Each structure stands twice: as structure tokens, then as C-alpha cells.
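Note sheet for the following structure.
Just so you know, these numbers come straight off a predicted model, no measurement behind them.
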Amino acid sequence: EAAPGGAREGRELHFEILATIPFDSARKRMSVVARLPDGRIRVMTKGADSIVFGLRKAADDDAGMRLLEKHLDDFARDGLRTLVLAQRDLSASEYETWSRKWHDAETAASADRATLMALAAQDVESALTIVGATAIEDRLQDGVPETIAHLAKAGIKVWVLTGDKMETAINIGYSARLLEPDMYLVKMPAEGAAKDPGPRGDYGVAAQLDALETIVQTAAARAPGGAAASQTTPSPMGVSSSSGSVLDDAPSTTLPRPLLASSSGPAMTTTPPRAAPLPAASSSLSSLALVVEGATALEAIIGNPDLEDRFLRLASSCRAVVACRVSPAQKRLIVKLVKDAPQRQAKKTGNYVKAYCAFERPMTLAIGDGANDVGMIQEAQVGVGISGKEGRQAVNTADFAIAQFRFLKILLLAHGRRNYRRMSKVIIYSFFKNIVLTFVLFYFQSDCGWSGFSFYESWVYSGYNFFLGLLPFTMGFFDVDITDDTVDRFPRLYLAGLRRMDLNVTNTVYATFEAIAASLVIYYVVRETILRPRFIWHPHGKASDVWVFGTTVFVAMVAAMAGRAALLTESWNAIVAVCLVAQAAMLFTFILFMAQASVEIDYDYYGVAYHLYGLGTFWLVAMGLVPSLVASLQLVVHAVHVDVFPSLNDIGKEIDHGYFDGAQADHIDEFLPPRLARSVHRFVNRICCGPDDEAAAFDRATTVVTRDSLREVHAMMTRAESIAIGLHDDVSSSYAYDAPGTGLGAGAGADTDVP
């Protein structure tokens, strides 16, 4: 307590804490019950304004409340995080009664302990007197805007889920460069609807979604590559009269096609118009952002299957989504909403094959730093926790832990992309070499009348994957196809994993055909050069038997597969070279041991190695001719692929090796499609999904809602209509677009200084 007259000296006051009512996601507040120095007992509460305002006394000054709300809005527009403070005095008898009830709730052993505590807390957290509000600056960590910008360029949809007010959330979006000045913002619910649930109790969300779907359809049709602009233009506030749903014709690249299937209703069931192909980078042109409020709109959407599907369709057409005033439970449900879209669609349609065969399925990653983020981190397929000042609850429940948000770029674009490519390469290689092994046995059986005779010595045969185990190990641990600097310069290279360019049906089918061709070369070249002219090659009148032939085929096959692994290896080092030599040494040493150690080990195989290793034709064919032919086949396939059908990774490697000049490299996003238009994926979708549904959707262009197309549609609307559907192009913000990095307000955390 300050001394009278403003003196610096004061006196100490002691407050006795009688009880602490902790924060939880449902109550969105916390309270303490304390005994003041003068003996009075007081409940002091802090929490979100939307909650605390509902607990105040009815007799509070309305003028003062309006002034406080205005100040809270001003604070939120400045990017500050706000809390409202309230209090209430208890009499001694009230406290004694409540204290016993609170003690019983705290010590309850039943499963509804949390419910009993919440009910007890309601007894004292009511009829509160509003004291005031606090507003603090919660600065962004260094590198957050740059990280989000890189993730967006990489094709990753970023959704921000926060418990802040809408104005604060919008400012956070601007300061983090998730929202940009040229974007149109869709606020849900619309202004004025947040305080009126309406006759349906959905705060007008259903009607707003109807109007917004019409807006997006019309704007997408007017965008470059969209449907003809001469189509009948619908009234923004009415039902679409266009020939189809452009929104359904343009699923997001990060949400599944089943999730984006047409909803019920006459306006959304007609055949969508076909659009001309767009540039590969067109998905980045979307100029629509969605800001949804958890306390109103999400409460109406979550749990309503129809509204959930329509909300996700709208969100997939937006470049960014910001959810404000969301509780921890709602954060988890939003992640679940996106993650479980294929399952929901399968349950809705009853066609599980169709729902799961669609190529693009959502992969969710949730990142947070506090206990209120634990739910969504556990719900997402990948959870990332940030170890900071809010404790380690998020880190303890996450799959990965990082120290700052900016390290997410390294985790995804560097380690994530590299590990995906490594694992894909190892998996397809393992699949390839085992197909070769199986088909060679198939050819031999056709030569021996399907008698079931063993082609290889059993112990040697069982060591096939062992002799080829070291090079896949080095590929999985050390292989680097593109340096981190190049990936950082071109984040679009991350699409290799996002679009499943390496591990997919197409590459598996291609590998199968190539493996069959390689197996034909291995078996029949050895048979025609070793088995048929065996009396010509063998000295001293010694003839070779099936074990010599089988071992030669086996060694040639192992050498060819080792050569394939060597050609697949992008980066060589001493460990790779040592493993290659070690594999060969293990193979020949093991064959020598099995054939020469003792006649008791394998009577039929005894002496084979002595005879085989003395044949010059064995070394010429098994270690020279066959591996060279298989490697030539691999190089021809690779050359055709790179020269005629280059992928994103192929172009990235050429840039990384300096085969592109700066001018060409800077326009990689414009001329390089992320995937070939024709592939096995399209064929599989046609078989599983039908020619007029998912397979047809595979051919459609990516729909974008550009700034110009939105401006055209927006110009046809009155301001009242625009506000009624929550569409804004002039959202006020304190974010200084031309001078970020002031260190204060919403622009804090940027890396440039203001002169």
C-alpha cells in the first residue's frame, strides 16, 4: 500500500489465500478466494470478457460497461491480449457454507469430481462487480512471419487457433503475415449476428454459408482459367443460378476430395463447369481469408454434419483461416474435423473404397506451447510442442519438441522432406529387389517343369536381404538429394511429400515393371552365357550343376541390386563406400564358408565355391555383364523420366547443381507442374471412384479466388449486403504494413528496424 502524499515508502499488506479455483477450458476463467487485511473475504476473478461479462451484477453501470468494451476493442485492435477483472465480497456464513462444498468437491473420489468443482465454483463466481481490464503485449517470437510465409509457399495450409478476441486474432494474423493487406476477410458470424442466435440458434451461420458459397462460386468463375464470365451472375444474397459449383470443382490441395464432395441442396448438385488449366502456382493466388469465432459460429458448426462439410468447403477455398475465442476442446475438435473428413464422407455415402482411394488426404500437424494446446496436439497426426515459459505440458505430449516456432521450418522443409524422400526410396528399393528375387525363381521353375526343385542353397538364399542390407541403411541415414539452402530458397520443393510424389501407386507400378525387366535380364543372360555353353567354359572336363548355375544367378542378382542402390544414392561418403565393399565381402565370404568349410554343413553344396570362383566366366557375367545391363536399363529409364517427364525433385536437383540460371530458377513455380497430368493415380481413381466423380475431379484445374475476381463480385454488392454476409475488404488494423518491426503492438517480432 502506497504511503499518503505519494511518498515512496509504504507498508506491507498480507492477504491469506483461502482457495484457488483453477482455470479450465470450459470456464475460461480462474478465481482466488482471499481474506483481506481488514478481515473481509473476497472472490477475485479474471477471465475472458465474453465469460466474465456474463457473471456481472445486473446493476452494474451500463455506461461504464460500454466504455470498458470500447477500450477492450481498442486494445484488441492494437494486438494486445486482454483479460477482465471482477470481484465479489462474501460474508462469513457464505464462505463457510461454500468452503465445505468446495472441500467436498476437491476431495471427491468419483469420476465427476471436475463437475462437482465446477458447480461449486459457480456459487461464488456470480453477481460479480467488474473492476477493470488488463491488456498486455504478447510479442511474436523471432522468425514467426518468415516461417509462416515459407510454409505457405510450400503449399501448407496454416490455420491459427487462438482464444483471443477477434480483433486481436486478426492483428496476430497480420503481424505473422498469415493475413495480407490485399486479402478479403470473411468474418463468421457476421457483424451483429454474434449477439443474436437467431431462430435456428446458429447465429445465422447456415444462411451466411449459403451466401458465401455463392460468392466463392461466382468469384472463382471470374478468376483466370475459371468458367466463362458470361454465365448468369447470381445475386450474392440469393441462391446460385450458375451451371454448377465452382467451389466443388476446385478442391484444396491440402484437403481430401471426399471432404469436398457436393453438399445437399439444389444449388450444389449440378455438374460443375470444366475450367482451363492453370499455372502450377495458382493455388497461391487465393485472396480470401476466413476468421471464425469459436463462442458462436463454431458452437453451431461443430456437431452439425451439414454445416461441418460446408464450412470445410469454404475454408479450403481460403488462403488462411483464423479461429478466435476457441477453447482447448474446440481446438481439438477442429483438428479432428479436418483429420476425419474421409471417414465422415465414407460413413455418409456408404462407399468406403471411394472415400479412401482419393489421392489427396489431409495430414494434420498441430503446434502449441501451453497446456491448452495439449488436446489438439494429441489429436493431430503429428504433434509439435514448443518448450517455453508456459510449461512443458505441450512438449511432454508431442511427437516432436522444438525451442522456438521458427524451428518448425527446419523440421518440415529440411528434415521432414529429406526423411520422406529417404524412406520412400528405401521402401520402393526393397520392394524392387524382392520382386526381382521372386520372378527369377518363377523363371527357373518354368525351366525345371514346375518340380519345386530348389534353385539356391537354402542358407545362401535366406541371406539375400542381409547381403543387401547396408546400402539401404546408408540411403536411409545419409542420403541428401537437395541441399537445405536450395529447399529454403524454393519451399515449393516440399510438395514432394505433400503430394506423395515418391511413395505412391504410380511409382510402385513403374518399379514393378522395371523389376520384371531386370529379372528377365538377370536370369536369361546368365542362363544363355553360363548354362547352355557350360562344356565350352569349364576346364579339365568338369561340368557345372544346378548349384553352380543358381549361385551364379544369385551373385549376379545381388551385384545388380547393389549397383541399383549405388545409382540411387545421391550423396556419397566414406561410410557408403565402406558399406558397398562390406556387402560384397560378406556375400563371397559366406558362400565360401558354406561350400568349403565342411561336407557336413551341406553335402550337395560342398566344393561349389572352389569350382565357381575359379571360372573366369563367373566373374565376367555375374560381376560385369549382368550388373552393367541392369544398370543400363535403370539409366535409360531415368534418362527418359528426367528429360521427358521431369518431376519437381528433378528440377530441384538441377537447380541445386547449378544447371539453371538465376532467372529461370526464380520462376520455377510458374512452369513446373507438381504432378504429371496422366499417371496411374488417375487410372486407379477411375476404377475405384467412377469416371464421373473422383477420376473426373482429378483432371480439373485448381480453382482460385483472386483479388480481382473478388473485387468484381464485391462491386455488385451494397455495403449492407457485404456486412450481412461477413465479407470485408477494409478491416482496420494497427499493423504497420510498410514499417514492421517497431517492437510494439501487432507488428512486433519482425526482423527489420524502423529508421
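- With rounding to the nearest 0.5 Å, the separation of CG in Leu290 from CZ in Phe311 is 5.5 Å.
- Here the CD1 atom belonging to Ile402 is positioned 9.0 Å from the CD atom belonging to Gln404, to the nearest 0.5 angstrom.
- By the 4.0 Å N-to-carboxylate-O rule, Lys70 lies close enough to Asp74 to be salt-bridged with it.
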### Task
For Leu413 and Asp488, run side-chain contact (heavy atoms from CB on, under 4.5 Å): C-alpha distance rounded to whole Å, both residues' side-chain angles, the deciding distance at 0.1 Å, then the answer.
CA-CA 7 Å; Leu413 303 190; Asp488 185 68; 5.6 Å; no
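- Counting heavy atoms from C-beta outward, Arg88 and Ser126 have side chains that approach closer than 4.5 Å.
- A salt bridge links Asp49 to Arg325: at least one charged side-chain nitrogen sits closer than 4.0 Å to a carboxylate oxygen.
- What you find for Asp89 and Glu94 is that their closest heavy atoms are O-OE1, 4.3 Å.
- No side-chain heavy atom of Phe407 sits less than 4.5 Å from a side-chain heavy atom of Ile386.
- Counting non-hydrogen atoms of other residues, nucleotides and ligands closer than 6.0 Å to NZ of Lys46 gives a total of 12 or fewer.
- Looking only at distances, a side-chain donor or acceptor of Glu308 sits under 3.5 Å from a matching main-chain atom of Gly303.
- For the atom pair Ser317 OG and Glu213 CD, the distance stands at 9.0 Å (nearest 0.5 Å).
- Closest heavy-atom contact between Ser175 and Pro145: O-CG, 3.4 Å.
- Considering SG of Cys318 and CH2 of Trp159, their distance stands at 8.5 Å, rounded to 0.5 Å.
- Between Trp102 and Trp98, the ring planes are parallel. Angles under 30° get that label, and only those over 60° would be called perpendicular.
- Among all heavy-atom pairs drawn from Gly294 and Val326, the shortest one is CA-CG1, 3.8 Å.
- For the residue pair Val292 and Ala297, the shortest heavy atom distance occurs at CG2-CB, 3.7 Å.
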### Task
Evaluate side chain to side chain donor-acceptor pair (under 3.5 Å) for Thr129 paired with Gln87, printing each intermediate quantity in order.
CA-CA 5 Å; Thr129 300; Gln87 65 183 27; over 6 Å; no
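- Among residues at least two apart or in separate chains, side chain to side chain donor-acceptor pair (under 3.5 Å) pairs with a member in residues 367-378 are Lys331-Asp373.
- Residues Leu365 and Leu408 are in side-chain contact: their nearest non-hydrogen atoms beyond the backbone lie under 4.5 Å apart.
- Considering only heavy atoms from C-beta on, Met30 stays 4.5 Å or farther from Pro22 through its side chain.
- Residues Met376 and Thr364 form no side-chain contact, since every pair of their non-hydrogen atoms from C-beta on lies 4.5 Å or further apart.
- Within the 3.5 Å criterion, the main-chain N or O of Ala135 finds no donor-acceptor partner in the side chain of Thr82.
- For the pair Arg310 and Leu307, the minimum side-chain heavy-atom distance is below 4.5 Å.
- Note that CG of Leu72 is 9.5 Å distant from CG of Leu83, once rounded to the nearest 0.5 Å.
- Between Glu146 and Arg406 there is no salt bridge, since no side-chain nitrogen of the basic residue lies less than 4.0 Å from a carboxylate oxygen of the acidic one.
- Taking 4.5 Å as the limit, some side-chain heavy atom of Met188 sits within range of a side-chain heavy atom of Ile301.
- Around atom CZ of Arg42, more than 12 heavy atoms belonging to other residues, nucleotides or ligands sit under 6.0 Å away.
- Pro37 and Leu13 make their closest contact through CG-CB, 3.9 Å (heavy atoms, listed as atom of the first residue, atom of the second, distance).
- Between Thr397 and Gln393, the closest side-chain pair of non-hydrogen atoms is not below 4.5 Å.
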### Check against side-chain contact (heavy atoms from CB on, under 4.5 Å), Lys187 and Glu293
CA-CA 8 Å; Lys187 292 183 179 180; Glu293 191 173 51; over 6 Å; no
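- Between atom CD1 of residue Ile334 and atom CD1 of residue Ile302 there is a gap of 5.0 Å, rounded to the nearest 0.5 Å.
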### Task
Step by step, work out the side-chain contact (heavy atoms from CB on, under 4.5 Å) result for Leu314 and Gln208.
CA-CA 11 Å; Leu314 175 63; Gln208 187 180 5; over 6 Å; no
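- Considering every non-hydrogen atom in both Gly368 and Ala394, the closest pair reads O-CB, 3.6 Å.
- In this structure, the side chain of Arg35 does not engage the main chain of Arg40 through any donor-acceptor pair within 3.5 Å.
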### Task
Could you give me the CA-CA distance, side-chain angles and deciding distance for Arg332 and Val335, then say whether side-chain contact (heavy atoms from CB on, under 4.5 Å) is met?
CA-CA 5 Å; Arg332 182 185 65 82; Val335 174; 5.9 Å; no
Name each donor-acceptor pair under 3.5 Å that joins a side chain in residues 118-125 to protein atoms two or more places apart or in another chain, with its distance.
unit_1 : atom_1 : unit_2 : atom_2 : d
Asp123 : OD2    : Lys101 : NZ     : 2.6
Glu125 : OE1    : Arg27  : NH2    : 2.7
Glu125 : OE1    : Arg29  : NE     : 2.8
Glu125 : OE1    : Arg29  : NH2    : 3.2
Glu125 : OE2    : Arg27  : NH2    : 2.3
Glu125 : OE2    : Ser31  : OG     : 2.5

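- Taking Arg100 as the reference, Glu96, Thr97 meet the side-chain contact (heavy atoms from CB on, under 4.5 Å) condition, with sequence neighbours excluded.
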